[in-house]
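This report concerns only the one structure given below.
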Amino acid sequence: MNRQLRRAQAKQNKKVDREKDRRRAARRARIASARQRRQRVRASRSEGRATGGEARSQERPKGRMPGRFAGILMGLTAAFIVLQAAVPLPDPTPVNSVLSAGFYLLFGYFTVLWLKRRGTERAFALALVFGAALAIGVEVGQLLRPEYAPDIITLALTLPLLVLGAFLGRLVFLFSP
């Protein structure tokens with residue numbers, strides 16, 4: 001009986017040892033591939049520095065990228081823009097008009113970060129198209145109300161702030177560590 005128990009225990013120990021060896025080999029392979037990836041990234045960075053930064057790629061290596069919650073924040077910003085248009089102020093002041101247009105800056109910023117993080121090639125242009133469509137949709141919705149009076153300051157600042165936000169989002173994505 002003891003001999004059978006010892007054999008069963010030895011068999012189980014061999015199985016555990018084989019499993020440990022397999023895990024160690026898999027871990028070594030993961031570490032080696034991560035080292036190679038880091039070396040490639042370092043080489044491409046040093047190459048970019050050697051040429052004066054001209055060769056800086058529009059692509060980032062996989063890993064920690066900026067804009068982790070950019071999609072959620074973009075959606076919330078769009079919701080705030082729509083809500084502001086749905087509930088107009090009785091007497092808009094210039095400060096309120098600038099703040100209303102400032103939401104388009106945030107929308108452009110978060111849209112570019114979200115699209116870049118997802119690997120979209122023309123994130124800047126798409127952010128401008130989405131922002132312009134949002135602005136046009138909001139204005140058309142406001143035109144349907146009988147008491148609508150156009151807010152010239154908001155209309156004048158919407159597009160420049162949208163472009164500025166998209167530009168800032170692209171800069172943050174490209175130059176973040």
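By convention here, the first residue in the shown sequence is residue 1. Only heavy atoms go into these numbers, but all of them, side chains included; no hydrogens, no water, no symmetry mates.
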Inset, instruction - Measure the CG-CD1 distance between Leu143 and Ile136 for me, rounded to the nearest 0.5 Å. - result: 11.5 Å
Legend entry - Nearest-0.5 Å distance that lies between atom CD1 in Ile81 and atom CG in Leu76: 11.0 Å
Inset, instruction - Among Ile, Leu, Val, Met, Phe, Trp and Tyr joined by side-chain contacts under 4.5 Å, find the other residues sharing a cluster with Val95 and list them by chain and number. - result: Leu99
Inset, instruction - For the residue pair Phe69 and Phe110, establish whether any side-chain heavy-atom pair is separated by less than 4.5 Å. - result: no
Legend entry - Side chains of Ile153 and Asn96 in contact at under 4.5 Å (non-hydrogen atoms): no
Inset, instruction - For Thr120 and Lys116, indicate whether the former's side chain and the latter's backbone hold a donor-acceptor pair under 3.5 Å. - result: no
Inset, instruction - Measure the CD-CG distance between Glu139 and Leu144 for me, rounded to the nearest 0.5 Å. - result: 11.0 Å
Inset, instruction - Could you tell me the separation between the OG atom of Ser100 and the CG atom of Leu155, rounded to the nearest 0.5 Å? - result: 10.5 Å
Inset, instruction - Taking atom CZ of Arg68 as the centre, report whether more than 12 heavy atoms of other residues, nucleotides or ligands fall under 6.0 Å from it. - result: no
Inset, instruction - Measure the spacing between CZ of Arg170 and CG of Leu115 and express it to the nearest 0.5 Å. - result: 13.0 Å
Legend entry - Electrostatic pair Asp17:Lys14 at N-O distance under 4.0 angstrom: no
Legend entry - Within-4.5 Å side-chain heavy-atom neighbours: Leu126 and Thr111: no
Inset, instruction - Could you tell me whether the side chain of Tyr104 reaches within less than 4.5 Å of the side chain of Val138, counting heavy atoms only? - result: yes
Legend entry - Heavy-atom side-chain contact between Arg40 and Ser44 under 4.5 Å: no
Legend entry - Minimum heavy-atom distance Phe124-Phe167, with the two atoms named: CE1-N, 3.4 Å
Inset, instruction - Provide the closest heavy-atom pair for Phe173 versus Arg117 in the form atom of the first, atom of the second, distance. - result: CE1-N, 3.9 Å
Inset, instruction - Tell me whether Val98 is reachable from Ile152 by hopping between hydrophobic residues (I, L, V, M, F, W, Y) whose side-chain heavy atoms are closer than 4.5 Å. - result: no
Legend entry - Heavy-atom side-chain proximity of Gln84 to Phe80 below 4.5 angstrom: no
Inset, instruction - Any chance you could lay out the side chain to side chain contact (heavy atoms under 4.5 Å, CB included) test for Gln9 and Asn13, step after step, and finish with the verdict? - result: CA-CA 6 Å; Gln9 187 64 40; Asn13 289 343; 3.2 Å; yes
Legend entry - Closest contact, heavy atoms only, Gly108 versus Ala127: O-CB, 4.3 Å
Legend entry - Heavy-atom donor-acceptor pair, Thr154 side chain to Ser97 backbone, under 3.5 Å: yes
Inset, instruction - Verify the cluster assignment for Trp114 and Leu73: are they in a single hydrophobic cluster under the rule of side-chain heavy atoms below 4.5 Å apart? - result: yes
Inset, instruction - Please report the closest heavy-atom contact between Phe107 and Thr77, naming both atoms and the distance. - result: N-CG2, 3.7 Å
Legend entry - Reported CG-to-CG distance for the pair Leu164 and Leu157, which is rounded to 0.5 angstrom: 11.0 Å
Legend entry - Sidechain N-carboxylate O distance under 4.0 Å for Lys15, Glu19: no
Inset, instruction - Give a yes or no on whether Leu174 and Leu168 share a hydrophobic cluster (residues Ile, Leu, Val, Met, Phe, Trp, Tyr; joining criterion: side-chain heavy atoms under 4.5 Å apart). - result: yes
Inset, instruction - Provide the closest heavy-atom pair for Thr158 versus Ala135 in the form atom of the first, atom of the second, distance. - result: CG2-CB, 3.8 Å
Inset, instruction - Decide whether Leu162 and Phe130 are clustered together by the hydrophobic rule: side chain heavy atoms of Ile, Leu, Val, Met, Phe, Trp, Tyr closer than 4.5 Å, transitively. - result: yes
